[in-house]
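Working notes, structure below.
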Amino acid sequence: MIRFLVLLLVSLFVACYAQNTMEQEISALLNQMTLEEKIGQLNLCTGDFGEQGPFLRDEYKAWIAEGKIGAFLNAFTADFTYNLQKMAVEKSRLKIPLLFGFDVIHGFRTIFPLPLGEAASWDLKAIEKSARISAIEATAAGLHWTFAPMVDIARDPRWGRIAEGAGEDTYLGCLIAKARVRGFQGNDLAAHDTMLACAKHFAAYGAAQAGRDYNIADISDRTLWETYLPPFKASVDAGVETFMTAFNEINGVPCTSSSYLFTELLRNQWGFQGFVVSDYTAINELIPHGVAANGKDAARLALKAGVDMDMQGHLFIKELSILLNEGKIDIKDIDEAVKRILRLKYRLGLFQNPYAYSNVQREKEKTMTKEHLEVALDVAKKSIVLLKNENVLPLSKEIKTLAVLGPLADSQKDLLGCWCGAGDYNHVVSLLKGIQSKVSADTKILHAKGCNILDADEAEQKKALEMAAQADAIIVALGEEAGMSGEAASRSSISIPGKQEEFLKELVKTNKPVVLVLMSGRPLAIPWPAQNVPAILQCFFLGTQGGNAMAEVLFGDYNPSGKLPVTFPRSLGQVPIYYNYKNTGRPVSPDKYTSKYLDVENSPLYPFGFGLSYTKYQYSPLRLEKSYLKKGESLKITVAVKNVGHREGEETVQLYLRDNVASITRPVKELKGFEKILLQSGESREVSFFLTPEDMSFYDKNMKLTIEAGTFTVMVGGDSENLMKAEFEVVD
Ligand code: NOJ
């Protein structure tokens, strides 16, 4: 015990000492800096990439030498960053190293599934690992900072950026946010394979009205606090070092000028110590938002709100010294921002060795290694969701003739999805290639596109139908192009684009077993396929190893275990649709005057948390440790899950909670826990959950977290609809 205390004291002393040294060195540096050099640290500029590789605009060369750029985005490769760093260190007066940032969203060179797809794995360890590997590859290319994770909750599939997040649920979103932050940042920021993470976009960007990108968010405080803010808070708790502003406004205040968000909430209430970067030209956009008359005004608003770094807007560099001369900002505002940025450069170890990350040898050794590709395959297969299977899957590898059709069947580019870092599609295993390497040597594979993503193609369709006629089974890969989701890629329709569904109908007419492999960056509304196609796999965009992952599932080497992180609607008219809705005073019933549509039922096509397997699981009734508990007590809930099918499988056991009667209306259920378990055929396992007081609490009328006495319903099952239920009561 004494030894432990001594060790603790020594490590506290060392940490304090290091902190003091850092603060002293940074203050000393700040004292030497001219105003221009200080403002330079707040200036983030973009690198460019041409056919010959990365290059730098001429004006930036001069700026680096004058100390007018503190950081770059989109500048990478060990060689290129080395040269830029050399310019900064050798040509600028104070030799302050540059910081290099990039959108490492779901991989750098090895590309992992789209974040929304990866969220379908519900596998936090795998998600953390994919972020870890992304950081290893990115840092080896000279990068110090990723603009990830995007922790925006999204309930509207029209919004293209739903692809970049963890889906619709706040609880799952918080855990995934933490896993990604841990993966990128690791335990030691000074290690050369860890990088700064960035929680974005603060805040409520996912609430874009009508799903149109950059649109306003007009939401209640309650929705903001209950749904959109928690993953940001979780990121702070996980130690995220940077934050990015959101483009949108919330209730009339553009986020990039919100002192409430960045100063009051993030820094003062949540204790965030890192720095805040604007989104790309988001400071300039305060002008069209209509809260700033000109660039000077915009720069003032952003700095005053607590934004430290201007991404590619060039407004801080242009306007801050003028604002200072006019007395509209204080030198302290600038100094604080500079210090926040310098601290992170310091903690990354850049002052000790500015070139540590730009290492050509490491870049070669650490890029797309065998291990990275194996992990990419593992995550990709875990991200596949089996939506329907009428005894078609898995297919036999000995199948005689197989038609592999559809515009996405042999696409490599699309499998990368949006925001695919420095991924090269030439390294991507397409679905066709994955299948070819999986089936027996005697299997004949026939391949045609049959149609394009957007248009029909008669000749292609004819060819494809002839192949279908010869085949014993048909695999058809349909969906969206990679560019149909991501930034500025909202859609007003969430159907399978173009004429693809018509092509699918022709295939179904053959009466052959048809497997629909659906790729998309969002939930698509697929009522016809859901009704008429015997097997459907939702694959999002699975990355470099996508084709191998899909083939493993199609031929049964891997038993699918993915669960939807977002609701799949029956039709766009149901949007927004999410599992944790409120009951209303007139919940749906056969009565006419209840909350429903005339032309579509309320339920989704596939609910949140849903995903089939090649085996079946049976849930026992719930066992509650007690039926009454005092406020502040926790509750243990146990369920036995049995694999009653014929092969091993992984099931994600999900726990939901409802506060039945409260002073504020509560959702019909909220996810409060889950566990992914592996079960052999016939095996049964008990899974226990602990509901904590925090799980039972909510924001009351005064937006204070509270637990109220009364009954709760706890629900456990394999998706958000098929659940075993029990009640308990909280007493005063
Ligand atoms: C704009 C996007 O909104 C943001 O997420 C991204 O990090 C920046 N561009 C930089 O590419």
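Read the numbers this way: they start at 1 and go in the same order the structure lists the ligands and their atoms. The figures here come from the full heavy-atom set of this structure, side chains too, leaving out hydrogens, waters and symmetry mates.
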Exercise for the section: Locate the shortest heavy-atom distance separating Thr281 from Gln312; write the atom from each residue and the value. Expected result: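 Heavy atoms of Thr281 and Gln312 come nearest at CG2-O, 3.6 Å.
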Problem - Distance-minimising heavy-atom pair for Asp156 and Gly211 - result: OD2-N, 3.3 Å
Exercise for the section: Answer yes or no on whether Lys200 is positioned over the face of Trp419, meaning its NZ or CZ is under 6.0 Å from the six-membered ring centre and within 45° of the axis. Expected result: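 Verdict for Trp419: a cation-pi partner in Lys200.
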Practice task
Might you list the protein residues in contact with ligand 1, defined as having a heavy atom under 4.0 Å from one of its atoms, sorted by chain and number?
Solution key: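 These residues qualify: Leu73, Asp103, Phe147, Arg161, Lys200, His201, Met244, Phe247, Asp279, Tyr280, Met311, Trp419, Glu487.
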Practice task
Flag the pair Phe243 / Phe272 as yes when their ring centroid distance falls below 6.0 Å, and as no otherwise.
Solution key: yes
Exercise for the section: Would you confirm whether Thr110, through its side chain, and Ile133, through its main-chain N or O, come within 3.5 Å as a donor-acceptor pair? Expected result: no
Exercise for the section: Kindly assign one of parallel, tilted or perpendicular to the pair Phe247 and His201, based on the angle between their ring planes and the thresholds 30° and 60°. Expected result: parallel
